[in-house]
Amino acid sequence: MSTASQLPIPVVSAIRKELARMKLVNKQQGFMLSQRGALYVEHELGWVNIDVTYYQQLEKDGPAQSELVEEMTNQLSEIISDRPHVNLKLDQAFCTIDTAIKRALLLLKERQLIGKNILFLGDDDLISLTTAILLEHLKKDKHEGYKTQLTVYEYDSALIEFIEKQAEIYQLQVRVVKHDLTKGHLELFQPEFDVVMTDPPYTISGLKLFLSRALAALKTQEQTIYLSFGEKSPTTDLLIQQLFYQQQLVVKTILREFNLYNGASVLGNKSNLYILQRTRASKPLIKSQQDFHDPLYTRAVKANSNLNQTSTTYVGVGRQLKQLQNS
């Protein structure tokens with residue numbers, strides 16, 4: 001137990017004594033849950049309608065997982081056939097169905113799925129729907145719900161309409177909120193979420209904004225951000241690491257080329273997935289109520305960069321003319 005939880009043995013022993021005092025475990029049976037403990041796990045932690053045996057099978061690569069992936073692929077293929085076209089102005093690039101399923105399964109394998117309050121910051125990849133479909137497969141009683149909450153903050157009206165329509169057709173528990181993340185909002189960015197998953201615009205300014213919003217929305221404990229972001233030049237990678245450091249985020253894992261895309265040529269049609277952990281010292285660079293005015297998307301960032309280069313050129317030419325006049 002100490003190894004699995006990465007806690008010192010004395011701490012584990014103290015926790016066990018406290019759980020025993022609360023009558024959640026039986027002393028004579030090691031860490032076996034008591035009836036009261038089992039009820040707590042089921043109802044308070046959200047496992048009451050989850051097929052635990054099937055869940056455990058899906059944690060490992062094997063026949064159960066392969067069969068599920070095949071079934072979910074068929075379901076998602078039907079769903080995405082009507083998805084709106086990519087909006088290049090918003091740096092949209094759809095990940096493959098296989099990648100969408102891998103992201104949802106990653107939440108399962110990392111024990112960040114059941115009973116959690118999960119936020120998707122932008123969702124053109126439809127990970128919210130994919131995760132909801134996975135949860136449907138895990139249910140013991142298909143007519144009952146589950147405690148996990150899936151929320152999407154999205155700006156694209158066509159995409160919002162599509163997600164809501166599919167959630168209604170397939171009876172999936174997904175809540176969608178329309179919001180422009182460049183606009184501050186105290187109510188939306190309160191520390192209430194356990195997990196944030198995001199695939200921001202392919203710019204440093206976009207990463208800065210989305211990480212700030214993610215941090216503002218996460219609970220103050222050591223919660224997790226699943227960030228998909230393309231690997232670029234060493235200079236850009238350094239800026240990425242600086243953003244992590246400035247916001248006091250710990251990089252737990254980098255899954256190289258985890259994500260594959262259709263039509264994201266600027267990224268080579270692939271990106272890494274960073275598993276980031278919030279610390280007690282973590283603070284967003286952009287506060288909840290603060291608006292963000294920097295260029296956000298690739299086209300705007302490039303246009304701004306070209307403008308700055310042109311301005312610098314004009315200034316340089318002006319200085320040269322002045323020097324000639326004075327000579």
Side-chain angles (χ1 to χ4, degrees), residues 68-69 71-108 112-113 116-139 142 145-183 185 187-189 192-201 206 209-210 213-214 217 225-228 259-264 271 273 296-297:
L68 173 70
V69 168
E71 190 169 346
M72 287 184 66
T73 298
N74 293 333
Q75 290 175 290
L76 286 166
S77 296
E78 183 177 340
I79 288 174
I80 68 170
S81 61
D82 294 326
R83 177 167 52 182
H85 294 298
V86 293
N87 187 337
L88 296 179
K89 292 181 180 179
L90 301 180
D91 276 2
Q92 290 180 358
F94 302 150
C95 75
T96 63
I97 291 176
D98 182 61
T99 293
I101 295 172
K102 281 169 58 181
R103 287 190 201 170
L105 283 173
L106 183 63
L107 292 174
L108 180 149
Q112 296 286 357
L113 179 62
K116 301 294 185 181
N117 193 2
I118 304 173
L119 173 63
F120 301 89
L121 282 181
D123 195 24
D124 58 311
D125 292 323
L126 307 182
I127 310 302
S128 59
L129 294 176
T130 306
T131 305
I133 290 171
L134 173 59
L135 284 163
E136 290 296 321
H137 283 276
L138 289 168
K139 285 162 56 173
K142 302 304 179 184
Y146 44 77
K147 191 171 183 179
T148 301
Q149 298 180 52
L150 306 176
T151 302
V152 179
Y153 290 173
E154 178 56 57
Y155 177 62
D156 186 337
S157 298
L159 198 55
I160 291 171
E161 182 180 350
F162 176 79
I163 293 174
E164 290 180 333
K165 180 180 178 181
Q166 299 306 314
E168 181 180 358
I169 291 173
Y170 293 94
Q171 298 183 337
L172 303 174
Q173 296 177 213
V174 177
R175 180 174 75 102
V176 187
V177 177
K178 182 172 184 178
H179 185 65
D180 178 355
L181 294 184
T182 64
K183 306 300 181 184
H185 198 298
E187 186 177 340
L188 291 180
F189 299 112
E192 60 178 301
F193 293 95
D194 301 296
V195 179
V196 175
M197 185 169 279
T198 188
D199 192 341
L209 174 64
F210 277 60
R213 297 309 191 210
I225 299 173
Y226 292 90
L227 166 71
S228 295
N259 304 295
L260 298 179
Y261 300 87
N262 298 312
S271 74
L273 192 143
L296 185 62
Y297 300 104

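If you read the sequence from its start, that first residue is 1, and numbering goes on from there.
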**Message:** side-chain contact (heavy atoms from CB on, under 4.5 Å) for N87 and L159? Distances and angles first, verdict last.
**Reply:** CA-CA 10 Å; N87 187 337; L159 198 55; over 6 Å; no
**Residue list, ring pair (Phe, Tyr, Trp, His ring centres under 6.0 Å) with H179, at least two apart or on another chain** =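 By the ring pair (Phe, Tyr, Trp, His ring centres under 6.0 Å) rule, H179 matches H185, F189.
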**Prompt:** Got a sec, which residues hit ring pair (Phe, Tyr, Trp, His ring centres under 6.0 Å) with F120, two or more places apart in sequence or on another chain?
**Reply:** none
**Asked** How many angstroms lie between atom NZ of K102 and atom CD1 of I127, to the nearest 0.5 angstrom?
**Response**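 Here the rounded value is 11.0 Å.
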For [X], all residues meeting salt bridge (charged side-chain N to carboxylate O under 4.0 Å, His left out), sequence neighbours excluded:
X: E136; result: K139
X: D91; result: none
X: D124; result: none
X: K89; result: none

Between [X] and [Y] (side chain of the first, backbone of the second, donor and acceptor by atom type, cut-off under 3.5 Å), is there such a pair?
X: N117; Y: D194; value: no
X: N259; Y: C95; value: no
X: E154; Y: I160; value: no
X: T130; Y: I101; value: no
X: Y170; Y: L129; value: no
X: S271; Y: S228; value: no

Residue pair [X] / [Y]: nearest heavy atoms and the distance that separates them:
X: A214; Y: I225; result: CB-CD1, 3.8 Å
X: L113; Y: T148; result: O-OG1, 2.7 Å
X: I163; Y: S128; result: CG2-OG, 4.2 Å
X: P200; Y: L227; result: CD-CD1, 3.5 Å
X: A217; Y: L119; result: CB-CD2, 3.7 Å
X: F210; Y: T198; result: CD2-OG1, 3.2 Å

Do the non-hydrogen side-chain atoms of [X] and [Y] ever get within less than 4.5 Å of each other?
X: V69; Y: L105; value: yes
X: M197; Y: T131; value: no
X: D82; Y: K165; value: no

**Request:** Sequence neighbours left out, what passes side-chain contact (heavy atoms from CB on, under 4.5 Å) with A132? Give chain and number order.
**Result:** Y146, L150, L172, V174
**Message:** Applying side-chain contact (heavy atoms from CB on, under 4.5 Å), can you list everything that pairs with I80, at least two apart in sequence or on another chain?
**Reply:** R83, I97, L126
**Message:** Testing the 3.5 Å rule here: is there a donor-acceptor pair between the side chains of D199 and Y261?
**Reply:**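 Result is yes, a qualifying pair exists.
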**Item:** Short N-O contact, D125 and R103, less than 4.0 angstrom
**Value:**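 The answer is yes: the pair qualifies as a salt bridge.
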Not counting sequence neighbours, which residues clear side-chain hydrogen bond (donor to acceptor under 3.5 Å, both in side chains) with [X]? List them please.
X: Y226; answer: E110
X: Q166; answer: none
X: E71; answer: none
X: T96; answer: T99

**Item:** Stepwise side-chain contact (heavy atoms from CB on, under 4.5 Å) check, I79 with I133
**Value:** CA-CA 11 Å; I79 288 174; I133 290 171; 3.7 Å; yes
**Prompt:** Going through the checks in order, is the side-chain contact (heavy atoms from CB on, under 4.5 Å) test met by Q92 and D156?
**Reply:** CA-CA 10 Å; Q92 290 180 358; D156 186 337; 2.9 Å; yes
**Asked** Should the heavy atoms of other residues, nucleotides or ligands under 6.0 Å from OH of Y155 be counted, would the total exceed 12?
**Response** no
**Message:** If you count heavy atoms of other groups shown closer than 6.0 angstrom to CD of E161, is the number above 12?
**Reply:**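 No, because the 6.0 Å sphere around CD of E161 holds 12 heavy atoms or fewer from other groups.
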**Request:** Let me see the working for Q75 and H137 under side-chain contact (heavy atoms from CB on, under 4.5 Å), right down to the final yes or no.
**Result:** CA-CA 12 Å; Q75 290 175 290; H137 283 276; 2.9 Å; yes
